[in-house]
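Here's the structure we're looking at; comments come further down.
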Amino acid sequence: MTAASRVVVACLDSKRLKGYVFNFSALRDSFRLFPEPNSPQTAGADLQIRDVKAILFVKDFAGQPERKGSYDAMDATHGRKLEVTFLDGEKIPGTSEAYNRNKLGFFMFPSDRDSNNSRIFVVTKNVSAVKLL
């Protein structure tokens with residue numbers, strides 16, 4: 001296997017699952033979440049993309065819950081500026097080079113460069129609106 005990516009999975013049922021993914025593909029309908037970066041294949045749990053709002057690729061699991069994305073600091077280093085609104089009303093500002101409402105999902109980068117998130121995979125069908133800024 002290749003190096004593991006640390007992720008927090010935001011599920012539609014409001015759960016947040018923490019773990020590691022290997023070789024995540026935006027083209028597959030499912031992915032496997034592992035509890036540790038060196039877990040055996042049998043320790044992983046298969047998750048369906050349809051049950052997920054977003055997959056947050058994070059720097060650490062502790063995060064920065066008090067920190068909110070800032071529209072003022074946002075630059076278009078990684079494509080177009082946008083704001084994603086999920087079905088539950090949660091909003092995330094950021095940028096994307098690959099937003100396409102006809103695809104399974106797309107990657108976006110947080111508006112705040114100092115965010116705990118390095119990138120975010122957004123599941124398109126679980127979004128209520130994408131506003132281009």
Side-chain angles (χ1 to χ4, degrees):
M1 283 200 225
T2 61
S5 296
R6 183 180 293 119
V7 298
V8 174
V9 180
C11 300
L12 288 176
D13 63 4
S14 300
K15 289 182 188 171
R16 300 280 180 168
L17 306 175
K18 297 177 182 181
Y20 298 85
V21 296
F22 296 87
N23 299 326
F24 175 79
S25 172
L27 302 174
R28 289 191 218 129
D29 292 334
S30 65
F31 63 99
R32 186 165 279 205
L33 183 68
F34 294 90
E36 298 294 331
N38 56 355
S39 297
Q41 187 72 10
T42 56
D46 290 328
L47 299 174
Q48 298 297 313
I49 290 289
R50 70 175 175 260
D51 299 328
V52 171
K53 283 184 355 181
I55 302 169
L56 299 94
F57 290 77
V58 298
K59 297 171 187 165
D60 66 61
F61 289 131
Q64 303 163 320
E66 72 286 344
R67 195 175 185 96
K68 299 291 181 205
S70 167
Y71 292 91
D72 298 333
M74 192 163 43
D75 65 21
T77 304
H78 295 287
R80 296 264 333 237
K81 295 178 184 180
L82 48 83
E83 177 185 74
V84 172
T85 304
F86 292 97
L87 298 172
D88 63 3
E90 180 181 2
K91 294 181 181 190
I92 300 177
T95 61
S96 180
E97 296 171 347
Y99 168 64
N100 181 336
R101 68 175 164 240
N102 299 317
K103 299 280 185 183
L104 179 65
F106 62 95
F107 280 98
M108 67 181 287
F109 297 89
S111 61
D112 184 350
R113 290 183 194 183
D114 296 325
S115 169
N116 188 48
N117 301 319
S118 56
R119 62 187 171 133
I120 303 164
F121 180 75
V122 177
V123 179
T124 308
K125 78 174 205 112
N126 297 326
V127 166
S128 64
V130 174
K131 182 170 124 183
L132 299 175
L133 304 174

Would you sort out whether N23 and S25 count as a side-chain contact (heavy atoms from CB on, under 4.5 Å), showing the intermediate values? CA-CA 6 Å; N23 299 326; S25 172; over 6 Å; no

Steps toward salt bridge (Lys or Arg N to Asp or Glu O under 4.0 Å) verdict (E90, R16): CA-CA 14 Å; E90 180 181 2; R16 300 280 180 168; 3.4 Å; yes

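Every residue was checked against the side-chain hydrogen bond (donor to acceptor under 3.5 Å, both in side chains) condition with D51, not counting sequence neighbours, and none meets it. Residues meeting the ring pair (Phe, Tyr, Trp, His ring centres under 6.0 Å) test with F86, sequence neighbours left out: none.
Cation-pi contact between R119 and F109: absent, since separation from the ring centre below 6.0 Å together with deviation from the ring axis within 45° is not met.
Listed by first then second residue, pairs satisfying salt bridge (Lys or Arg N to Asp or Glu O under 4.0 Å) with a partner in residues 30-45 read R32-D46, not counting sequence neighbours.
In this structure the side chain of V8 reaches within 4.5 angstrom of the side chain of F61, judged on heavy atoms. At a threshold of 4.5 Å between non-hydrogen side-chain atoms, the residues V7 and L33 count as touching. Residues V9 and F31 meet the side-chain proximity criterion, which asks for heavy atoms closer than 4.5 Å. Using a 4.5 Å heavy-atom cutoff, the side chains of L82 and T95 are not in contact. Residues N117 and K59 are not in side-chain contact: their nearest non-hydrogen atoms beyond the backbone lie 4.5 Å or more apart.
No more than 12 heavy atoms of other residues, nucleotides or ligands lie within 6.0 Å of NZ in K103, so this atom counts as exposed by the packing criterion.
The aromatic rings of F106 and Y99 lie perpendicular to each other, with more than 60° between the two planes, well past the 30° mark.
Of the possible donor and acceptor atoms, one in the side chain of S96 sits under 3.5 Å from a partner among the backbone N and O of F107.
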